[in-house]
Structure formats: structure tokens, C-alpha cells
Amino acid sequence: MESGDPFSAPTVPTAPIATTVPAVAAATEAEAAARDANPQYVLPLVVRIERATPPQRADALETSARAVLTFLSDPRSTEPDGEWTPLVHAWTDGRIRKVVRRARGAEWTRAEALPGITVVGTAEDNPAQVRVYPPVPLDAWPKDLARLQVSGTDLEDAEPPAPVVPGSQPVLWLNPELEMTAGKAMAQVGHAAQIAWWRLSDAQRKEWADAGFPLAVRVAAKDAWPALADSGRPLVRDAGFTEIAPGSCTVVADLPVLGDS
């Protein structure tokens, strides 16, 4: 893709569309090598962070997870002849990468003009806005996204998020031992939501989508994390490209509908 802009001059892979759920991780070294030899794609997400009115951290993380789920359930991503389906197939043939960048002002206006989906948070005051785009080659981002910064996503919550009633909704539990920027954590909860999505039946997916993908993102209690990580629930192990060590367990997806795996 010499233009470096797959949205203005689309070039999509011609490989057959996957009909089964991709493996979350390679089962063997040979499988990992084959996966890593494939062209690598990344799912871009952009969070709107205006200087004077940044979103709350928890709302941004939850909105990022919902944005990934919204993208995965969109007919353009799921139908055999969907506009984005070949790109999704190419993306899931390699490592399931996501990168979160920030935008403000005119940057956000340009980012919104590119094909994608904007998801708005649930905070009553200044809800987060996250836009998700179809996967792009790792080294061929659209210029209006490539110029956006990855740094500067250190969001905070004005007050601690409200406690979650156990079993009331899906919860993405963050590892309490890890320090991550909001951008890094947004990518990680997106991974967790995606892995959980793959575990669901078609009927369960439809029910979650019809409800608007209710979920919460919370930091797990230190004494609860070991049991969560060993529970068999969907678990994210980071590849270690940025911020944290390779193999770090970052998020556990706790969906009541899945029960104890």
C-alpha cells in the first residue's frame, strides 16, 4: 500500500474470510512463528482529549471496550461481503494489536472524517468519545491518524468509580499491580472485551449488543487478583511492546453469562 492511506485508496487482502473464531494465543512456537510471519495489522482507536475538558479515566476505558465490541459486531466487519471483513480477517491472522492515540480540536475533526465508528461514554458530565477504525497495516496508517500522539493519555478520575455489584454486569478487572497510562489500559480492556466476545454464543452476543454492551472497568482488589487470573475467565497477557513487561497479565473479563470457566 504505497500511498500509506488505506482509507483514501483502499487495498484489502484477498485471503478467504475466516469462518471460525481465531485463537487467542499461539498454541506452539511453530504456530506463533507462522502467525508472526503474516502481514501485521493494527486496530486504531482515537480518544478525544480536549485540554480544558478531558474525559474521566474510567469512562474512557469503558468506552474503548464498547468501541471494540461495536466494531466487532458491525455488519461491515461480520458479513461475508462486509466492507471491513477482509481487513478483520487479515488483522486476526496476526497478533491482535490495538493502538490508542489522542486527538483534540481540528485533529479530532479530521479523525472523525475517516471511516469508522464513534462511541460515546456514559458519564453524565463530559462523556468520553472514542472512535474505532477498520484495521490498517502496521506500517501504513492513514496520515491523519499517523500524526496523532500516543503519549498524553494520562487521564484521571475526579472521584473513585462506583462499586460494582457482583454479577450485575460484565466487569473488566485491571491488574492492581501494574501501572498503565489510560491509552495503554484502553487497548488492554479492548483486548479483554474481544476475547470475551469470542467466548460467547451468537445468541449471547446479540443479547449483549442489543443492550448496548453494558460493562464496567475496575481495578481489582490486590487480594482478589490471583484468583481472578487463575479462574479460567478471559485473560489478557500483554506482548510487552510498550510500557509493561512481556507476558504481564493485564485484564480479566468477568462476564456473568460465562460463569466460572
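Model, not experiment: these values are computed from the prediction. Residue numbers count from 1 along this sequence.
Across Leu255 and Pro170, no two heavy atoms sit closer than the pair CG-CB, 3.8 Å. Of all heavy-atom pairs spanning Pro54 and Asn126, the tightest one is O-ND2, 3.0 Å. For the pair Arg97 and Tyr41, the tightest heavy-atom approach, listed with the atom from each and the gap, is CB-O, 3.9 Å. Annotation for Ala140 and Val136: closest pair O-CB, 4.2 Å, computed over non-hydrogen atoms. Of all heavy-atom pairs between Lys98 and Ile96, the closest is NZ-CG2, 3.7 Å. Between Gly167 and Pro256 the shortest heavy-atom distance is O-CG, 3.6 Å.
With a 6.0 Å radius and a threshold of 12 heavy atoms from other residues, nucleotides or ligands, Asp210 has its CG atom above the threshold. Within 6.0 Å of the CD atom in Glu50, the count of heavy atoms belonging to other residues, nucleotides or ligands exceeds 12.
Annotation: side chain of Leu258 is in contact with side chain of Leu200 (closest heavy-atom distance under 4.5 Å). Looking at Leu43 and Val132, their side chains come closer than 4.5 Å, going by heavy atoms from C-beta outward. In this structure, the side chains of Leu178 and Ser248 come closer than 4.5 Å at one or more pairs of heavy atoms. For the pair Met186/Val47, a side-chain contact is recorded, criterion being any heavy-atom separation below 4.5 Å from C-beta on. Using a 4.5 Å heavy-atom cutoff, the side chains of Leu174 and Val217 are in contact. You'll find the side chain of Thr85 stays beyond 4.5 Å of the side chain of Asp81, heavy atoms only. Inter-residue side-chain proximity for Pro137 and Asp139 is flagged as met; some heavy-atom pair is nearer than 4.5 Å. The side-chain heavy atoms of Pro127 and Thr122, taken from C-beta on, include no pair separated by under 4.5 Å.
Without hydrogens or angle criteria, Asp157 side chain to Gln56 main chain gives no donor-acceptor distance under 3.5 Å. In this structure, the side chain of Arg48 does not engage the main chain of Val130 through any donor-acceptor pair within 3.5 Å. Side chain of Ser64 to main chain of Ala60: no donor-acceptor pair is present (N/O by atom type, distance under 3.5 Å, no hydrogens or angles). No donor-acceptor pair under 3.5 Å is formed between the side chain of Asp154 and the backbone N or O of Thr181. Under a 3.5 Å cut-off, the side chain of Asn38 and the backbone N or O of Gly94 do not form any donor-acceptor pair. Using a distance-only test at 3.5 Å, with no hydrogens or angles considered, no donor-acceptor pair links the side chain of Asp93 to the main chain of Pro39. In terms of modelled atom types and a separation under 3.5 Å, the side chain of Gln40 and the main chain of Arg95 share a donor-acceptor contact. Within the 3.5 Å criterion, the main-chain N or O of Ala111 finds a donor-acceptor partner in the side chain of Tyr133. Using a distance-only test at 3.5 Å, with no hydrogens or angles considered, no donor-acceptor pair links the side chain of Glu112 to the main chain of Thr109. Without hydrogens or angle criteria, Thr92 side chain to Val88 main chain gives a donor-acceptor distance under 3.5 Å.
Within the 6.0 Å centre-distance limit, the rings of Trp197 and Phe213 are counted as a close aromatic pair.
To the nearest 0.5 Å, atoms CD (Gln169) and CH2 (Trp208) are separated by 10.0 Å. Here the CZ-OG distance, from Arg101 to Ser151, works out to 10.0 Å after rounding to the nearest 0.5 Å. Going from atom CG of Asn175 over to atom SG of Cys249 covers 7.5 Å, rounded to the nearest 0.5 Å. Going from atom CD1 of Ile195 over to atom CZ of Arg199 covers 8.0 Å, rounded to the nearest 0.5 Å. Residue Gln188 holds its CD atom at 5.5 Å from CE of Met180, rounded to the nearest 0.5 Å. Taking CG from Leu45 and CZ from Arg131, the interatomic distance works out to 11.0 Å, rounded to the nearest 0.5 Å.
A cation-pi arrangement is not found for Arg233 relative to Trp173, the charged atom failing to lie both closer than 6.0 Å to the ring centre and inside a 45° cone about the ring normal.
For Ala103, the side chain to side chain contact (heavy atoms under 4.5 Å, CB included) partners two or more places apart in sequence, or in a different chain, are Val46, Glu107, Trp108, Leu148. Among residues two or more places apart in sequence or in another chain, the side-chain hydrogen bond (donor to acceptor under 3.5 Å, both in side chains) test is passed with Arg110 by none.
In the hydrophobic cluster analysis, where Ile, Leu, Val, Met, Phe, Trp and Tyr join through side-chain heavy atoms closer than 4.5 angstrom, Ile49 is grouped apart from Val120. Linking Ile, Leu, Val, Met, Phe, Trp and Tyr residues whenever their side-chain heavy atoms come within less than 4.5 Å places Leu138 and Val99 in a single cluster.
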If you look only at distance, which donor and acceptor atoms sit under 3.5 Å apart when one is on a side chain in residues 68-77 and the other is two or more places apart or in another chain?
residue, atom, partner, partner atom, Å
Thr70, OG1, Arg66, O, 2.7
Ser73, OG, Leu69, O, 3.0
Ser73, OG, Thr70, O, 3.1
Asp74, OD1, Arg76, N, 2.8
Asp74, OD1, Arg76, NE, 2.9
Asp74, OD2, Arg76, NH2, 3.0
Ser77, OG, Phe71, O, 2.9

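A salt bridge links Glu62 with Arg218: the closest approach of a Lys/Arg side-chain nitrogen to an acidic carboxylate oxygen falls below 4.0 angstrom.
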For side chain to side chain contact (heavy atoms under 4.5 Å, CB included), just list the numbers for Asp144 and Leu114, CA-CA rounded to whole Å, side-chain angles, deciding distance to a tenth of an Å, and then say yes or no.
CA-CA 9 Å; Asp144 283 333; Leu114 297 174; 4.2 Å; yes
Checking Gln149 against Arg102 for the side chain to side chain contact (heavy atoms under 4.5 Å, CB included) test, could you report, in this order, the C-alpha distance in whole Å, the side-chain angles of both residues, the deciding distance, and whether it holds?
CA-CA 6 Å; Gln149 296 295 311; Arg102 63 174 172 83; 3.7 Å; yes
